[in-house]
Amino acid sequence: MSASEEKTKEVSEETAGKGADKSKEPSNAGIIFIFFVLGLGVSIMVGWILFPKVLYSQKEQPFDFNHENHMLMVDNGCQSCHFFREDGTFSGAPKLEQCIDCHYDIHGGSEDEIIFHEQYVANNLEVPWLIYYKQPNCVFFSHAAHVINAEMDCRTCHGDIGESTSLPVYEYNRLSSYSRNIWGQNIAGLKRNTWDRMKMSDCSDCHQRNNVNQNSVQTLKGPCFVCHK
Amino acid sequence: MKLSRRCFLSFSLGTTVGITLSPLPWKITDDLSIWTQNWPWTPVPRDGAYSLENSACTLCPGGCGISVRKVDHRAVKIDGMKDHPVNDGGICILGASGLQYLYGPFRLPSPLKRVGERGEGRWKNISWKQALTEVSEKLSEIRSNGEPEKVAVISGKKEGTIACLLERFLTVYGSPNFMTPSTVEDSYEAALHLMQGSRASVGFDFENADFVLSFGSGILEGWGSPVKIFQAIGKLKKDGSVIQVEPRLSNTAAKSDRWVPINPGTEAAMIMGVAHVIIREKLYDENFINTSTSGFQKYQSLVMEDYSPEKVSVITGIASSQIVAIAREFAKASKPIAICGRGEGRIAGNVHETMAVLALNALKGNFNREGGLWSVPKPDYIKWAEAKPDQTALEGLEKGRIDGAGSKEYPFMTSLLDRFPKMINEENSYGIQALLVSNANPLYTMPDTEAVKKAFEKIPYIVSFSSFMDETAQFSDILLPNPIYLERYEDVPTAAMYKKPVLNLTKPVVKPLHNTINTGDIIIKIAKSFGGSIADAFKWRDYETCLKETLGAQWEILKKQVVTEDKNFVANSPALETNAGKFQFVADDVNKSQNSKAGIPHFEDLGINGAAGNFVLIPYDSMPLSTGYVASAPFMLKVVSDKALYHQDTVVQINPETALILGLKEGSYANLETSVGSARVKVTLYDGIMPNVIAMPSGLGHTAYDDYMGNGKGVNINQVLGVVEDPVTGLNAAWGIRAKFSKA
Ligand code: SF4
């Protein structure tokens, strides 16, 4: 073999070596891609599944309550218990005083009824109900304006709670301390029904859609002041 | 498989994209922004049913009705009660701050017994049973030693069932020493007694008047019933006018139609000067003078002799032409009213000055008629069976009052609290063994704080019924806290300087927050524990029963509507109850041994105490600073001007000229010294005060309550003010004090 031949061989071996390296390249990129997908997957799982679980904590209501059952027994629908006071303000969750109007005695023997009587009626303590749709303090909201003046149905904002046989789990946001019903069950903030969410944008959407009160009634100032007095 | 740096970067990239595609960053941003607005420690008021409950305010003698806004059972706001005859929906800053007295941490939580030294602030919680037993035993011990006169009561209230119960208790126990703080109302009462023969309060119908000539009265600074006066003067000023004669440009002076600066303490001379011009020019109501008055000649000759505008001008510093002009304006008005009582009228003043004001009003015959000055009879709804003191009590009562009221010297006076410390300190009196203090804070409100404290140190046993840890409570031996006015029933008769008799009822708009008992109940319980004639005088089961029985048919009405007013009440000539049934320009019920003019209105230079010092210190009052039993609430202190209180320092007003001479600048510190005490103060330069006069705000410098209630903020003006006794009434007539003043 001449010297030149040897050189050629060396070169070709070198080339061959390089060629062999190149053939490994796609598999490396694959690994890198796999890592990308892995990162993507993990974070999507964290963001969509784990995050809501960490963000929201569940609280137990003092005892269970059957709305459907009560609806059957009262004459005036929701307003039998969630009524407007004489001055037009809304009473919200009923006070002990209203409950014992009917439940002056133990009615039936359900476990919840017994808890109610033993822990609250007997000690004259208000039941510390957790309020699903409680708006924050900075929000001025008038039930009378919506239910009486605009004749809106309770369902529009509160859904089918009146037909439920059991209270839903109350979840509260560990950061903002709001009830989950304000943001809505869907962590992406998407909604199908009007009652799915109660953020500021939901209020303003509805006001805009129906072209009502775009300014504060009291001060005639801009839209912010409709709810933030 | 080899993990390279690229794998790691790729993983990170994937994570970032994934997180971005998840709701996490957007939701967390939203929640974080909400979180920053909802700190868990920010107090959030609970929601509930709203209601309004009407009641009455007792924080000053104004006699206003209030509407308490409640959310469920919590009181959350106090407004003025609409259609109340006194304040018709209006409220002052003190009344509006009422809730801070309800919820304040300076409230007394339960009965307390002193365990440390007096004033040290060490207390022990005791039960009500123990507290009442201890007080009863102490009182019974003093009585069984045959010294019942050595028990005294200081009551912030003169009228109403609580005051009457306390007084009744003292009577059957055997002590004449029921004392009440005096104000200009006492001076008016004395003057009315001397000139009209009536035992009545004075009332002014400002709403229907058309001219008010005020000699230093702080119409906008808390004089009389503040809300009523604000409203009435507001109405009057639409067509009529107000002239303010005062040494200092006060708020009232600034808002009046004319401010007439005057040498401090010479107001009476000005009043007489105005009378002089009216008489000289025959501008008075001849018909009234001829038919309804007596002694005019004597008064007239004194006025004509001593008070020509020229003479008055020398005394007061007011140009004689101005005196003439003011007199003509006063006389020209159809319903003019002249008033006196400096500032909010905390200091009773010289009775001859008050008489001079009554005489000036009489010249226009503007008495007991619309737009004039009314005599308002004392409330007479308390008609209890007469108490029958036993022998021990009678002996005690015979010893006479320690303060000299009702004595030969001050025959028609019923209380002279300002003389009390002096009598104890001078040790020529029989001394006091036990003092009960109700609705009052004498250790803060009485002039010459040091002397008052010295006197209190000599009293071995002090009981306070205060609801708060005030200065007097702090210096007491046992505390029996009363629920505050929002938690109790109590009758509140009369509104200061209001023209008609009114009767208010406070009611428990909230349940008592602390372990308190109404003072009325305590007195009844203690009286019962004595048995015999003392218990016999207190047959009621409890205070509420007593109140109910006393008010009779009015009880239900008052419970419903808070106030009753005799709408048809007209103070008419029967209010002139002198022997001749006339207004007397010259009073006869006066000891004239020292002064031949005593009994005739005149200007009297009583000489304010402290010969030393080139300066004259005068106090001034303002709405945000409460000078009475309750200290200013935090809401009020927030609006005190930094020209009155700068951080922890009292700021006094001086004329720039005075400042120049003393080398003082705005904000400099100065030392103020009077014969009574001294203080380090800051100065502010003010053109609205004449040279050599120093004006100092009252209502500062508490040493009790807490930091938010002005503890340690400024100087209590009573530390440097003294007492000058009025020769006729014995009331405090010190409108100011001489002072040394120099750069600190
Ligand atoms: S003026 Fe007196 S009585 Fe009236 S609201 Fe004010 S503090 Fe109360």
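Chain letters run A, B, ... following the sequence lines, proteins first, then strands; residues in each count from 1. As the structure is a prediction and not an experimental result, all values here were calculated from the model. Keep in mind that the numbers below use all heavy atoms, side chains included, and drop hydrogens, waters and symmetry copies.
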Give the member of B/G48, B/P25, B/P45, B/S12 that has the highest number of heavy-atom pairs under 4.5 Å with chain A. B/G48

Considering all heavy atoms, the nearest A/F51-B/I28 contact: CE1-CD1, 3.8 Å

With side chain to side chain contact (heavy atoms under 4.5 Å, CB included) as the criterion, how do B/W35 and A/N173 come out once you've worked through the C-alpha distance, each side chain's angles and the decisive distance to 0.1 Å? CA-CA 10 Å; B/W35 174 70; A/N173 186 313; over 6 Å; no

As an exercise: rank A/K199, A/E86, A/M45 by heavy-atom pairs under 4.5 Å with chain B and give me the winner. A/K199

Answer whether the closest heavy-atom distance between the side chains of B/I34 and A/L175 falls below 4.5 Å. no

Count the heavy atoms belonging to other residues, nucleotides or ligands that lie under 6.0 Å from NE2 of B/H514, then report whether that count exceeds 12. yes

Check salt bridge (charged side-chain N to carboxylate O under 4.0 Å, His left out) between B/D31 and all other residues, then give those that pass, not counting sequence neighbours. B/K27

Should the heavy atoms of other residues, nucleotides or ligands under 6.0 Å from OH of A/Y170 be counted, would the total exceed 12? yes

Best-contacting candidate, A/G47, A/G41, A/S43, against chain B by heavy atom pairs under 4.5 angstrom: A/S43

Residues, nucleotides or ligands: over 12 heavy atoms within 6.0 Å of B/Y103 OH: yes

Non-hydrogen atoms of chain B under 4.5 Å away: do they reach the side chain of A/Y178, the backbone, both or neither? side chain

More than 12 foreign heavy atoms under 6.0 Å from NZ of B/K82: is that the case here? no

Is there a side chain to side chain contact (heavy atoms under 4.5 Å, CB included) between A/V42 and B/T15? Walk through the geometry before answering. CA-CA 7 Å; A/V42 167; B/T15 324; 5.9 Å; no

Which distance, rounded to the nearest 0.5 Å, do you find between the CZ of A/F33 and the OG of B/S10? 8.5 Å

Heavy-atom count around B/R541 CZ within 6.0 Å, excluding the residue itself: above 12? no

To the nearest 0.5 Å, tell me how far B/Y50 OH sits from A/D87 CG. 8.0 Å

Value for CH2 (B/W39) from OG (A/S177), rounded to nearest 0.5 Å, stands at 12.0 Å

Side chain to side chain contact (heavy atoms under 4.5 Å, CB included) for B/L9 and A/F35? Distances and angles first, verdict last. CA-CA 9 Å; B/L9 287 176; A/F35 270 95; over 6 Å; no

Looking only at heavy atoms and a cut-off of under 4.5 Å, which of B/D30, B/D47, B/L32 has the most pairs with chain A? B/D30

Checking A/S91 against chain B: side chain, backbone, both or neither under 4.5 Å from a heavy atom? neither

Give, for atom OG of B/S51 and atom CZ of A/R85, the distance between the pair rounded to the nearest 0.5 Å. 9.5 Å

Taking CZ in B/F635 as the centre, count heavy atoms belonging to other residues, nucleotides or ligands within less than 6.0 Å. Is the count above 12? no

Out of curiosity, B/S4 OG to A/I31 CD1, how far, rounded to the nearest 0.5 Å? 8.0 Å

Is the backbone of A/A29 close enough, under 3.5 Å, to the side chain of B/R6 for a donor and an acceptor to pair up by distance? no

Would you say A/K229 has more than 12 foreign heavy atoms packed within less than 6.0 Å of its NZ? yes

Highest number of heavy-atom pairs under 4.5 Å with chain A: which of B/S22, B/G18, B/P23? B/P23

Taking all non-hydrogen atoms of both residues into account, name the closest pair between A/L38 and B/F11 and its distance. C-CE1, 3.9 Å

To the nearest 0.5 Å, how far apart are CD1 in B/I19 and CG in A/L40? 10.0 Å

Under 4.5 Å from any heavy atom of chain B - which part of A/L55: side chain

